[in-house]
Amino acid sequence: MKDYKKELDASRIPGHIGIIMDGNGRWAETRSKSRGDGHKHGSEIIEPVMDACIELGVKAVSLYAFSMENWSRPKAEISGLWNLFEYFFNTKLDILVGKGIRVVHSGSLKRLPPKIKRLLADVVKKTAGNKKIFLNLCINYGGRQEIVDGVNNWLERRKDGEMFTMKKMEKHLYTAGLPETDLIIRTSGEYRISNFMLWQLAYAELVFTDILWPDFAARDLYKAIYDYQQRERRFGNI
Ligand code: IPE
Ligand code: IPE
Ligand code: MG
């Protein structure tokens, strides 16, 4: 494989990358392992990907870890995922925090297990002063719900006769304060968005790769950013 890292234009690194980390189950299946093993291996990829993003100067990474629709999975898989998140928060995340990562959460707090809610709140608070890069954990996240939550949040404070605007929408999204989403990557060969960052993706570049998330590595990130840099972003202009 070409050395894509060398080919990158340092002046056009995406500010905010969203990643739909898909394919853990299929990765496990081809190895006759359990889906839980697939998720475990998938969680190991987060640190090297964040390291590579920090090195390149990416300002924010949004990771899709659990969708609101994922509640439809078997109970055992879901509880395994919460255990894995807990383990991740208590081990890996501490390492990342030490590297200057600021953790934020996108998603609904309703229905989240209390332990996860507490761990999330703690790490968000603990890292609030960190400046190196945002790590936006999308847990119990739905793009449509994000928009509905944001509108309701605004409605609670609405003054008489006040109209809603795109600016106000942006201020009330979970991603308020994060840079514009430039690139969305989906692994595992699925060509869909699955309710991820619906508002933010309006002008994002989309990169799909067949690689299953547990096999994803820094080189695949460089390749995705390289592909992104080959695109001409016109934003409606000519
Ligand atoms: C993505 O991997 C992780 C989560 C949705 C939590 P999947 O579990 O969807 O893996 P596949 O799509 O079944 O291979
Ligand atoms: C999207 O993957 C959600 C996450 C990666 C967390 P899914 O595997 O849940 O999406 P679908 O069901 O294939 O659309
Ligand atoms: Mg999947």
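Values reported hereafter were calculated over all heavy atoms of this structure, with side chains retained and with hydrogens, waters and symmetry mates removed. Counting starts at 1 for both ligands and their atoms, in listed order.
Here Glu44 pairs with Lys40 in a salt bridge; the nearest charged N to carboxylate O distance falls below 4.0 Å. Taking the charged nitrogens against the carboxylate oxygens, Asp182 and Arg231 have no contact shorter than 4.0 Å, which rules out a salt bridge. Contact check on Arg31 versus Asp215 returns a salt bridge, with a Lys/Arg side-chain nitrogen under 4.0 Å from an Asp/Glu carboxylate oxygen. Salt bridge status for Arg73 with Glu77: present, with a side-chain N to carboxylate O gap under 4.0 Å. Between Arg35 and Glu29 there is no salt bridge, since no side-chain N of the basic residue sits under 4.0 Å from a carboxylate O of the acidic one. Salt bridge annotation for Glu190-Arg26: present, with a cationic side-chain nitrogen under 4.0 angstrom from a carboxylate oxygen.
Between Tyr141 and Phe66, the gap from one ring centroid to the other reaches at least 6.0 Å.
Under the ring-ring contact (aromatic ring centres under 6.0 Å, His included) test applied with Phe85, the options Tyr87, Trp82, Phe88 reduce to a single match, Trp82.
Each protein N/O/S atom under 2.8 Å from the Mg ion (ligand 3) was counted, for a total of 1.
Under the 4.0 angstrom criterion for non-hydrogen atoms, Glu29 is not in contact with ligand 1.
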*Does the pair Leu96 and Leu93 meet the rule for a side chain to side chain contact (heavy atoms under 4.5 Å, CB included), with working shown?*
CA-CA 5 Å; Leu96 288 172; Leu93 204 53; 4.0 Å; yes
*Stepwise salt bridge (charged side-chain N to carboxylate O under 4.0 Å, His left out) test for Lys125 and Asp122*: CA-CA 5 Å; Lys125 196 169 155 207; Asp122 284 352; over 6 Å; no
Are there any N/O pairs under 3.5 Å between ligand 2 and the protein, and if so, what are their distances?
| residue | atom | partner | partner atom | Å |
| --- | --- | --- | --- | --- |
| ligand 2 | 8 (O) | Asp22 | OD1 | 3.2 |
| ligand 2 | 8 (O) | Arg73 | NH2 | 3.3 |
| ligand 2 | 9 (O) | Asn70 | ND2 | 2.9 |
| ligand 2 | 9 (O) | Arg73 | NH2 | 3.4 |
| ligand 2 | 10 (O) | Arg186 | NH2 | 3.3 |
| ligand 2 | 10 (O) | Ser194 | OG | 3.4 |
| ligand 2 | 13 (O) | Arg192 | NH2 | 2.8 |
| ligand 2 | 14 (O) | Arg192 | NE | 2.8 |
| ligand 2 | 14 (O) | Ser194 | OG | 2.6 |

